[in-house]
Asker: 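Below are the structure tokens for one structure; questions will follow.
As the structure lists them, so they are numbered: ligands from 1, and atoms in each ligand from 1. Nothing fancy with the numbering, it's 1 onward along the sequence.
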Amino acid sequence: MPQLDEQLFPSTPGKIKIERAHHHYTMNRAVHRCFTSTSTIFLWALFLVALMASYMSIQSFVDSGSRYLHHTTSRGHGGIGGLLWEKQIRSSAQIRRSNGISVLVTGAAGFVGTHVSLALKKRGDGVVGVDNFNDYYDPSLKKARRGLLDSHNVFVVEGDINDRQLLAKLFDVVAFTHVMHLAAQAGVRYAMENPHSYVHSNVAGLVTLLEQCKSADPQPAVVWASSSSVYGLNDKSPFSESDRTDQPASLYAATKKAGEAITHTYNHIYGLSITGLRFFTVYGPWGRPDMAYFSFTRNILQGKPITVYRGKNRVDLARDFTYIDDIVKGCVASLDTSGKSTGSGGKKRGAAPYRIFNLGNTSPVTVPTLVSILEKNLKKKAKKYVLEMPGNGDVPFTHANISLARRKLGYKPTTDLPTGLRKFVKWYLSYYGYDQGKPVNFK
Ligand SMILES: O=C(O)[C@H]1O[C@H](OP(=O)(O)OP(=O)(O)OC[C@H]2O[C@@H](n3ccc(=O)[nH]c3=O)[C@H](O)[C@@H]2O)[C@H](O)[C@@H](O)[C@H]1O
């Protein structure tokens with residue numbers, strides 16, 4: 001399949017300049033030889049028009065910035081808004097199946113964002129990504145994910161969801177039917193280190209995005225990532241969507257809970273169709289290096305110690321770890337069943353769906369068991385330090401009741417933790433270039 005680059009760019013910028021010089025030279029000679037003949041005047045008028053058109057397209061190329069020089073399209077590099085940029089957006093958003101949808105995926109270079117974007121693109125939907133490529137964790141992994149998306153003709157704009165002009169421009173170019181909002185400041189414990197980043201992305205960024213969605217005409221349906229952490233100190237198990245969520249244990253959880261309240265107001269006032277998905281500790285290939293299964297793998301392979309937290313009274317912590325492919329199915333089913341937003345021109349025209357679903361695995365596994373599965377896959381013992389869980393936002397356990405998602409979305413997770421971790425470890429070893437336990441090519 002031809003790459004997007006081949007489809008959109010005639011050649012290299014250098015080559016374009018040579019052609020341009022050649023046009024000038026040819027024209028001068030031609031003017032001397034033929035300008036007296038009236039039939040050739042007409043031909044040359046046509047030629048001049050073509051020349052001007054080619055000059056203008058070269059200008060737009062220069063204005064748009066060059067993907068050959070820097071693989072970024074941020075406004076700082078002069079990329080966003082040019083004709084070429086618009087062409088890339090349109091091509092990426094093109095729907096290639098009947099009844100397909102066009103989706104703006106925020107956080108597209110993130111873990112879940114990459115997988116969902118690929119799944120949508122593969123079945124023929126239009127997908128445009130946006131991601132700010134921040135350095136919360138190694139941005140080279142985000143860039144590698146973008147490489148993967150690129151190779152499937154998914155274009156990712158480098159920009160922040162707080163950038164109003166950028167969002168307005170994107171909706172100018174494409175009438176998105178859906179927004180899959182996955183951009184967020186993730187991580188439970190990091191909220192104590194950098195609280196403002198949570199407010200910036202999960203609250204301010206969300207509002208900026210919803211403002212854009214509310215004014216768009218037509219309004220898109222919005223599906224977005226909430227979190228299992230909203231259950232906080234809830235001790236009723238398994239967690240159902242109707243359980244209490246007013247006792248968050250971390251600022252991360254509080255901002256996700258705030259997101260549920262904020263999206264509700266946009267549904268109520270402006271008629272936006274909203275689906276919030278409470279993800280339960282998602283893991284898998286191309287995952288997030290800040291999460292336990294990922295950092296444990298890295299440390300075990302490097303012979304470094306890992307810290308295993310334990311709850312009160314020496315009770316092991318447990319998580320309802322959920323494999324990425326199951327989460328992707330839940331996300332896609334949510335888009336497909338979202339129902340329409342009803343507003344237009346910033347005004348509500350009727351009631352629109354407001355839904356919240358748990359997307360979990362329904363079988364919690366303790367952290368020590370997670371470690372022993374990794375040890376088996378890596379054929380190496382971990383150096384474990386067991387530590388009483390510090391008061392850093394963690395909750396003792398999570399366990400999803402998924403009956404609602406099963407009923408409304410047909411959601412049915414099929415990957416257990418040993419199977420999913422086997423796939424993760426396989427990916428990890430090949431991505432980081434391990435050869436018989438030794439890293440050969442750290443990226
Ligand atoms: O479901 C969610 O909504 C969240 O899931 C994820 O949070 P968590 O469930 O906390 O996952 P993760 O960090 O992998 O820790 C897993 C376990 O390992 C324990 N843990 C962790 C680190 C460590 O060094 N030691 C340790 O014992 C730790 O105490 C915990 O018991 C996402 O990161 C978050 O963004 C959000 O999406």
Asker: Quiz question: by atom type and distance under 3.5 Å, do the side chains of N134 and K142 form a donor-acceptor pair?
Answerer: yes
Asker: Under the criterion side chain to side chain donor-acceptor pair (under 3.5 Å), I'd like the reasoning laid out for K426 against N377: C-alpha separation, chi angles, the key distance, then a yes or no.
Answerer: CA-CA 9 Å; K426 192 169 171 227; N377 278 284; over 6 Å; no
Asker: Given Y323, which partner from the list F424, Y293, Y283, F280 fulfils the ring-ring contact (aromatic ring centres under 6.0 Å, His included) test?
Answerer: Y283
Asker: More than 12 non-hydrogen atoms from neighbouring residues, nucleotides or ligands closer than 6.0 Å to CZ on R164, yes or no?
Answerer: no
Asker: For ligand 1, would you mind listing the residues that have at least one heavy atom less than 4.0 Å away, ordered by chain and number?
Answerer: A186, G187, V188, R189, S227, S228, S229, Y252, F279, F280, T281, R288, M291, A292, F296, T307, V308, Y309, L317, R319, V367, D394
Asker: In a check of side chain to side chain contact (heavy atoms under 4.5 Å, CB included) between I274 and each of I262, I356, V222, V223, which one passes?
Answerer: V222
Asker: In plain terms, say whether R90 and E86 are close enough for a salt bridge, that is, a side-chain N and a carboxylate O under 4.0 Å apart.
Answerer: yes
